[in-house]
Amino acid sequence: MRIGYGYDVHRLVEGRKLILGGVEIPFDKGLLGHSDADVLIHAIIDAILGALAWGDIGSWFPDHDNAYKDINSRILLTKVMSKVRAEGWKIGNLDCTICAQAPKLRSYIDTMRTNLAADLDTNIDNISVKATTEEGLGISGKGEGISASAVVLLNTKES
């Protein structure tokens with residue numbers, strides 16, 4: 001059994017799509033980043049890599065590599081999970097929090113959970129995604145960005 005924690009934050013800007021948990025969310029701004037800037041999936045990837053002491057998302061998918069320019073972060077998660085499974089690990093459970101003042105995310109969370117369960121090859125009951133605000137404080141509270149954190153439990157296939 002291994003536990004990992006991940007965190008990511010990206011700035012909100014005009015002219016980009018807002019993608020969270022692999023879901024395109026209608027909003028007047030999107031997240032700035034080299035890939036699609038899906039902070040939720042990036043936090044999850046870092047949690048998984050951290051659990052196994054495999055570095056971080058930047059060491060696996062460098063932001064100076066054009067192969068990852070505007071890439072769908074679900075593809076990156078699938079690549080990581082392929083290696084995780086090959087090494088004999090599986091998801092025990094995943095608990096995530098998205099911090100965004102706007103937009104309201106409740107109506108998208110079930111789709112995010114479905115996407116994540118598929119990409120992580122686990123039952124949806126093992127996936128928790130929550131959304132909160134910073135009550136007008138911090139980067140998300142001021143509408144400047146969105147952050148996400150994730151905690152993952154990995155078990156061996158025998159567990």
Which distance, rounded to the nearest 0.5 Å, do you find between the [atom1] of [X] and the [atom2] of [Y]?
X    : Y    : atom1 : atom2 : answer
N72  : L77  : CG    : CG    : 10.0 Å
S73  : I57  : OG    : CD1   : 6.0 Å
L154 : I48  : CG    : CD1   : 6.5 Å
N123 : I91  : CG    : CD1   : 12.5 Å
E144 : K29  : CD    : NZ    : 9.0 Å
D110 : N115 : CG    : CG    : 11.0 Å

Quick check: do [X] and [Y] have side-chain heavy atoms less than 4.5 Å from each other?
X    : Y    : result
L116 : I41  : yes
L52  : R2   : yes
D95  : K130 : yes
D36  : H42  : yes
N155 : W89  : no
F61  : K79  : yes
L153 : M1   : yes
V151 : I3   : yes

Can D38 and K17 be counted as an ion pair, charged N to O under 4.0 angstrom?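 No.
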Between [X] and [Y], what is the shortest heavy-atom contact and its length?
X    : Y    : value
R16  : A37  : NH2-CB, 4.0 Å
I75  : I71  : CG2-CD1, 3.9 Å
H10  : L32  : ND1-O, 2.6 Å
Y5   : S149 : OH-CB, 3.7 Å
A148 : L40  : CB-CA, 3.7 Å
T133 : A100 : CG2-O, 3.4 Å

Starting from the C-alpha separation in whole Å, work towards a yes-or-no answer on side-chain contact (heavy atoms from CB on, under 4.5 Å) for D119 and M81. CA-CA 8 Å; D119 295 345; M81 280 308 297; over 6 Å; no
Taking a hydrophobic cluster as the set of Ile, Leu, Val, Met, Phe, Trp and Tyr residues connected by side-chain heavy atoms closer than 4.5 Å, whether directly or through intermediates, do [X] and [Y] fall within one such cluster?
X   : Y    : answer
V9  : L105 : no
L31 : I109 : yes
L76 : V23  : yes
Y7  : I98  : no

Partner set under side chain to side chain donor-acceptor pair (under 3.5 Å) for S140, not counting sequence neighbours: E134
Let's go through I44 and C96 carefully: what are the C-alpha distance in whole Å and the side-chain angles of both, what is the deciding distance for side-chain contact (heavy atoms from CB on, under 4.5 Å) to 0.1 Å, and is it a yes or a no? CA-CA 8 Å; I44 292 166; C96 308; 3.8 Å; yes
Pair D8, D46 - check side-chain contact (heavy atoms from CB on, under 4.5 Å), show working. CA-CA 8 Å; D8 195 32; D46 270 347; 5.7 Å; no
Kindly say whether [Y] contributes a backbone atom to a donor-acceptor pair with the side chain of [X] at under 3.5 angstrom?
X    : Y    : result
S82  : T78  : no
Q101 : K142 : no
W60  : W54  : yes

